Amino acid sequence: MTDALHSQSEIRRPPIPARIAASLARAGRQLADEPLGLAGFLILAVLCIVAIIAPALAPYDPNVQMLSDALQPPSLAHLAGTDEFGRDIFSRLVYGTRITIQTVLSISIIVGPVGLLIGIVSGFFGGRTDAILMRATDIVLSFPSLILALAFAAALGAGLNTAIIAISLTAWPPIARLARAEALVVRNADYVAAARLYGASSLRILLLYIAPMCVPSVIVRLTLNMAGIILTAASLGFLGLGAQPPAPEWGAMISSGRKFMLDYWWVAVMPGIAILLTSLAFNIAGDTLRDILDPRHARS
């Protein structure tokens, strides 16, 4: 009888590769009908390409100082002008893309699995496990994320790696909350009940039945959070707690250029525009992913 129940559950629930392929096909069709979302993904694709081929794309070395060319306005020789040390701002923006993409990907790789694991364990087991994990989540959520990230970064020391760790320590609670909410719904599904009757272990149910159903929502939330991650990383760089000079981190570039804002606006405005466009692209891409991956928002 248990074999029959298991067979019925497998019939009702398509294999994971088939569901992924169907989701990707539907996503491709829906993305073609979303010009704004497509533009957001194209901007992100361009940023990734720029980060990869930065040495070939940048016309100058980002750290070479040429004091005779200091504070030159945008021109054909220097597309975004130069800073107070004569360094080409466009080249520094290009190389700064690497730092931004590295920061976003590193934090997502840490925060995504940690938040997903805590959320599905809390939602699946419930009881005291749920109470302990969610109270710990509430404690972290009770502090403003930027203030908490500043505290961690100050305690760990300035640097890009410590900034990544500091932001990661504050960015996982929303992911855990979302994964818990999804797990509370999925754990009562028929195929999960059938798997229990068949004798599947809790670990197997968590990894093969609960987690895959929570992944799309977690991906959407991560994408939407990336704009906030970029702004937090830029804030840490602005305050001197992120990537250290002469690294071309956008927040640090704004910090060094703020004293020239009145007379040499491009020194601070150019990295500000880069942060704005990147954050906007991630927000647009996140909204589009939500419409595509969340069945409640999917179009008929």
Side-chain angles (χ1 to χ4, degrees), residues 96 98-123 128-183 214-215 217-245 247 249-256 258 268 271-272 274-276 278-283 285-287 290:
R98 283 186 162 183
I99 298 177
T100 300
I101 297 299
Q102 176 189 349
T103 301
V104 168
L105 291 180
S106 300
I107 293 173
S108 299
I109 290 173
I110 296 173
V111 168
V114 170
L116 178 63
L117 179 62
I118 292 175
I120 61 176
V121 169
S122 178
R128 181 168 296 182
T129 301
D130 181 37
I132 293 174
L133 293 177
M134 285 302 101
R135 295 302 75 75
T137 303
D138 291 339
I139 291 173
V140 179
L141 284 174
S142 65
F143 294 93
S145 59
L146 178 58
I147 301 301
L148 196 57
L150 288 173
F152 282 129
L156 296 173
L160 180 60
N161 292 332
T162 55
I164 291 173
I165 295 173
I167 298 173
S168 299
L169 290 174
T170 64
W172 62 267
I175 305 299
R177 281 286 191 180
L178 178 63
R180 174 182 178 271
E182 296 285 342
C214 301
V215 166
S217 297
V218 170
I219 293 175
V220 171
R221 185 57 187 261
L222 277 175
T223 307
L224 290 171
N225 283 355
M226 286 178 184
I229 290 172
I230 292 173
L231 294 176
T232 303
S235 299
L236 293 178
F238 183 87
L239 296 173
L241 296 174
Q244 297 300 294
E249 198 274 326
W250 294 344
M253 291 174 64
I254 294 176
S255 178
S256 64
R258 73 185 187 277
I275 294 174
L276 172 64
T278 305
S279 302
L280 182 61
F282 273 116
N283 272 331
D287 287 336
R290 180 183 58 194

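What you are looking at is a predicted structure, and each value in this text was computed from that prediction instead of being measured. Excluded from the calculations below are hydrogen atoms, water molecules and symmetry mates; all remaining heavy atoms, backbone and side chain alike, are included.
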Non-hydrogen atoms of [X] and [Y] that approach each other most closely:
X: Val140; Y: Pro173; result: CG1-CG, 3.4 Å
X: Ala163; Y: Gly242; result: CB-CA, 4.1 Å
X: Ser256; Y: Met253; result: OG-O, 3.0 Å
X: Gly115; Y: Ala179; result: O-CB, 4.0 Å
X: Gly112; Y: Leu222; result: CA-CD1, 3.8 Å
X: Gly123; Y: Ala183; result: CA-CB, 4.1 Å

Please enumerate all residues that pass side chain to side chain contact (heavy atoms under 4.5 Å, CB included) together with [X], with sequence neighbours excluded.
X: Ala171; value: Val111
X: Ile109; value: none
X: Leu146; value: Leu150, Thr232, Ser235

Practice item. Would you indicate whether Arg128, at its atom CZ, is surrounded by more than 12 heavy atoms from other residues, nucleotides or ligands within a distance under 6.0 Å? Key: no
Distance, nearest 0.5 Å, that separates [atom1] of [X] from [atom2] of [Y]:
X: Ile107; Y: Ile230; atom1: CD1; atom2: CD1; answer: 9.5 Å
X: Leu276; Y: Trp250; atom1: CG; atom2: CH2; answer: 11.0 Å
X: Leu169; Y: Ile165; atom1: CG; atom2: CD1; answer: 7.5 Å
X: Cys214; Y: Ile175; atom1: SG; atom2: CD1; answer: 11.5 Å
X: Thr100; Y: Leu105; atom1: OG1; atom2: CG; answer: 10.5 Å
X: Ser168; Y: Ile229; atom1: OG; atom2: CD1; answer: 7.5 Å

Does the [X] side chain pair with the main chain of [Y], one donor and one acceptor, at a distance under 3.5 Å?
X: Ser279; Y: Ile275; value: yes
X: Ser106; Y: Thr103; value: no
X: Thr162; Y: Gly157; value: yes
X: Thr170; Y: Ile167; value: yes

**Study point:** Qualifying residue for side-chain contact (heavy atoms from CB on, under 4.5 Å) with Phe282, from Leu224, Val104, Asp287
**Key:** Val104
So [Y] and [X], do their side chains get closer than 4.5 Å, heavy atoms only?
X: Asp130; Y: Arg180; answer: yes
X: Leu178; Y: Val220; answer: no
X: Val121; Y: Thr129; answer: yes
X: Thr137; Y: Trp172; answer: yes

Would you list the pairs meeting salt bridge (charged side-chain N to carboxylate O under 4.0 Å, His left out) in which at least one residue belongs to [range], sequence neighbours left out?
range: residues 166-177; result: Asp138-Arg177
range: residues 217-228; result: none
range: residues 108-120; result: none

